[in-house]
Amino acid sequence: MPELPEVETIRRGLAEAVRGRRIVGIRMTPAGERLLRGVPTEAFLARVRGRRIDDIRRRGKYLLFALDDGATFVAHLRMTGRFEVEPGDAPDGPFFRAALQLDDGRELRWRDARRFGTWAICDEPAALDARLGPEPLDEDFTIDRLAGALAGRRAPIKAVLLDQRRVAGLGNIYVDEALHLARIHPRRSAGTLTRDEVARLHAAIRIALDKGIANFGTTFRSFVNAFGGEGRNREHLLVYGRRGEPCASCGTPIARIVVGGRGTHLCPTCQPFDGEGDADAGR
DNA sequence: CGTTACCTGAAA
DNA sequence: TTTCAGGTAACG
């Protein structure tokens with residue numbers, strides 16, 4: 001479900017709703033235990049009970065709750081995880097797995113149909129940097145930095161952009177959108193991009209992500225913000241989920257192919273496969 | 001490097 | 001009934 005813009009949207013909502021609150025307890029369902037990946041609920045509770053949430057940050061697609069003892073509660077929503085802040089007496093609703101109880105009677109509730117999401121306590125959140133590439137919206141994400149991440153890679157550009165160690169926060173939707181904006185075919189071998197193409201891609205990544213944030217995220221299935229509201233970026237997408245619809249630039253029907261095992265949307269006219277080999281719009 | 005597994009619901 | 005799903009880690 002969530003890529004950088006969706007996680008950022010949730011982060012902003014959570015910052016508004018729960019910053020400064022203390023965690024007074026936890027509710028964990030049997031299906032929710034998997035969240036902790038083997039850490040006993042009691043051990044997790046011992047780390048968070050009584051702690052004040054001083055800040056909510058984001059790194060890539062991770063949500064980081066800075067606690068008042070210096071520890072960090074790290075959550076990843078994977079495909080279908082949701083965080084919503086609700087009154088403690090509201091119904092749990094579908095896919096409810098766990099909740100952190102707050103000192104004002106509300107709860108930070110976790111719902112996750114597919115149960116891929118994870119919760120952890122981390123004493124050294126900087127360790128995430130070893131596994132994650134640069135933040136694409138930060139100053140230090142330069143054209144050179146992107147060029148370095150792509151250099152020598154033979155994998156399709158789309159696969160490289162989805163690799164969180166190269167650039168953090170991009171997922172299937174925004175990669176397709178960025179490649180379309182940059183007029184680059186998703187199957188182009190990453191290392192073959194010209195300097196001009198890398199520069200276009202660099203700008204396109206930021207445009208696609210900024211737009212997603214400005215529209216409060218893209219809701220295709222399960223994404224909702226911290227208050228249960230849907231994002232409105234879906235109607236602004238240029239290619240993702242628009243198979244068969246005319247390209248806004250040239251009118252050619254948007255194609256859907258598979259790249260790196262992922263459904264991939266592109267305009268075969270605006271994004272010709274001219275980098276190597278022969279044109280291949282279909283497939 | 002590509003493929004599979006992890007789960008389960010929703011859509012085709 | 002079958003296919004697909006916005007993510008990632010673990011395979012071979």
Side-chain angles (χ1 to χ4, degrees), chain A residues 1-10 29-38 58-63 74-83 93-98 110-120 127-128 130-133 136 150 152-180 186-192 205 208-209 211-213 215-225 230-244 256-265 283:
Chain A
M1 157 193 107
E3 306 180 29
L4 188 155
E6 289 72 42
V7 178
E8 177 63 20
T9 298
I10 293 174
T29 67
E33 305 267 358
R34 149 184 306 267
L35 258 183
L36 302 177
R37 294 296 189 270
R58 180 189 57 74
R59 179 74 172 90
K61 300 171 191 171
Y62 290 85
L63 276 170
V74 181
H76 196 300
L77 291 75
R78 294 290 184 104
M79 295 285 266
T80 52
R82 309 176 170 207
F83 262 128
F95 315 126
F96 173 81
R97 309 296 186 200
W110 177 263
R111 299 189 176 89
D112 188 1
R114 292 174 73 176
R115 296 194 279 156
F116 291 164
T118 58
W119 284 11
L128 276 179
R131 297 193 296 149
L132 295 175
L150 307 184
R153 308 258 127 221
R154 286 207 242 173
I157 181 62
K158 168 152 182 175
V160 175
L161 293 176
L162 286 173
D163 182 346
Q164 303 299 295
R165 294 169 303 186
R166 304 281 157 201
V167 181
L170 291 170
N172 211 30
I173 293 176
Y174 295 96
V175 165
D176 282 4
E177 294 295 298
L179 288 170
H180 176 72
R187 274 213 250 266
R188 283 284 303 287
S189 177
T192 70
I205 287 169
L209 294 175
K211 183 170 126 183
I213 293 170
N215 287 321
F216 309 104
T218 302
T219 297
F220 251 88
R221 299 178 173 74
S222 56
F223 169 69
V224 292
N225 63 32
E230 299 195 341
R232 50 182 180 74
N233 197 52
R234 180 176 183 172
E235 60 196 284
H236 299 283
L237 296 177
L238 300 172
V239 290
Y240 188 88
R242 297 201 180 280
R243 168 162 47 175
R256 182 185 184 278
I257 63 176
V258 175
V259 181
R262 315 296 301 279
T264 298
H265 303 76
R283 217 334 163 9

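So that the names make sense, note that chain A is the first sequence line, chain B the second, and so on, each numbered from 1. Quantities reported herein were computed from a predicted structural model and do not represent experimental measurements. Side chains are part of it too, since the values below use all heavy atoms of this structure and drop only hydrogens, waters and symmetry mates.
A donor-acceptor distance shorter than 3.5 angstrom exists from the side chain of A:Thr264 to the backbone of A:Arg262, with no hydrogens or angles considered. Checked by atom type and distance alone, the side chain of A:Arg59 never pairs as donor or acceptor with a backbone atom of A:Leu63 at under 3.5 Å. In this structure, A:Arg37 contributes its side chain and A:Thr118 its backbone to no donor-acceptor pair below 3.5 Å.
The NZ-C1' distance, from A:Lys61 to C:dT8, rounds to 9 Å in whole Å. The distance from atom CG of A:Asn172 to atom P of C:dT8 is 11 Å, rounded to the nearest whole Å. Rounded to whole Å, the distance from CZ on A:Arg166 to P on C:dT8 is 15 Å. Distance CZ (A:Arg165) to C1' (C:dT8): 11 Å, rounded to an integer number of Å. In this structure, CG of A:Leu35 is placed 15 Å from C1' of C:dG7, rounded to the nearest angstrom. The nearest whole Å value for the distance from the CZ atom in A:Arg59 to the P atom in C:dT8 is 12 Å. Atoms NZ (A:Lys158) and P (C:dG7) sit 9 Å apart, rounded to a whole Å.
Residues A:Asn225 and A:Thr9 bring no donor and acceptor atom of their side chains to less than 3.5 Å of each other. The closest side-chain donor-acceptor pair between A:Tyr62 and A:Gln164, if any, does not fall under 3.5 angstrom.
For C:dG7, the OP1/OP2 oxygens have no side-chain nitrogen or oxygen of A:Gln164 closer than 4.0 Å. Neither OP1 nor OP2 of C:dC4 sits under 4.0 Å from any side-chain N or O of A:Arg256. Side-chain N/O atoms of A:His76 include one lying less than 4.0 angstrom from OP1 or OP2 on C:dT8.
Put simply, A:Phe116 does not rest on the base of C:dT8: the two rings are not both less than 5.5 Å apart at their centres and under 30° in tilt.
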Which pairs, protein N/O on one side and nucleotides 8-12 of chain B N/O on the other, fall under 3.5 Å?
{"unit_1": "B:dT8", "atom_1": "OP1", "unit_2": "A:Arg115", "atom_2": "NE", "d": "3.4"}
{"unit_1": "B:dT8", "atom_1": "OP1", "unit_2": "A:Arg115", "atom_2": "NH2", "d": "2.1"}

Can you check nucleotides 9-12 of chain C for protein contacts, nitrogen or oxygen pairs under 3.5 Å, and list what you find?
{"unit_1": "C:dA9", "atom_1": "OP1", "unit_2": "A:Arg131", "atom_2": "NH1", "d": "2.9"}

Under 3.5 Å, which N/O atoms of the protein pair with N/O atoms of nucleotides 1-5 of chain B?
{"unit_1": "B:dC1", "atom_1": "OP1", "unit_2": "A:Arg153", "atom_2": "NH1", "d": "3.2"}

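Taking the C1' atoms as reference points, B:dC6 lies 23 Å from C:dT1, given to the whole Å. Across C:dC4 and B:dT3, the matching P atoms stand 15 Å from one another, rounded to whole Å.
Residues satisfying the side-chain contact (heavy atoms from CB on, under 4.5 Å) criterion with A:Ala31, sequence neighbours excluded, are A:Thr29, A:Arg97, A:Arg115. Applying the side chain to side chain donor-acceptor pair (under 3.5 Å) rule to A:Asn172 yields the partners A:Lys158; only residues at least two apart in sequence or on another chain are considered. Every salt bridge (charged side-chain N to carboxylate O under 4.0 Å, His left out) that A:Arg111 has, sequence neighbours left out, goes to A:Glu84, A:Glu86. A:Arg165 meets the salt bridge (charged side-chain N to carboxylate O under 4.0 Å, His left out) test with A:Asp163; sequence neighbours excluded. Residues passing the ring-ring contact (aromatic ring centres under 6.0 Å, His included) test with A:His265, sequence neighbours excluded: A:Tyr240. A:Arg234 is linked by a side chain to side chain donor-acceptor pair (under 3.5 Å) to nothing, counting only residues two or more places apart in sequence or in another chain. The side chain to side chain donor-acceptor pair (under 3.5 Å) search around A:Arg58 returns A:Glu8, A:Glu135, not counting sequence neighbours. The side chain to side chain donor-acceptor pair (under 3.5 Å) test applied to A:Arg154 returns no partner, not counting sequence neighbours.
With the 3.5 Å cutoff on both pairing distances, Watson-Crick and G-U pairs in DNA chain B assemble into runs of at least 3 at B:1-6 with C:7-12, B:8-12 with C:1-5.
At a threshold of 4.0 angstrom between heavy atoms, the contacts of A:Tyr240 are confined to the sugar-phosphate backbone, with no base atom among them.
Looking at A:Ile157 and A:Val259, their side chains never come closer than 4.5 Å, going by heavy atoms from C-beta outward.
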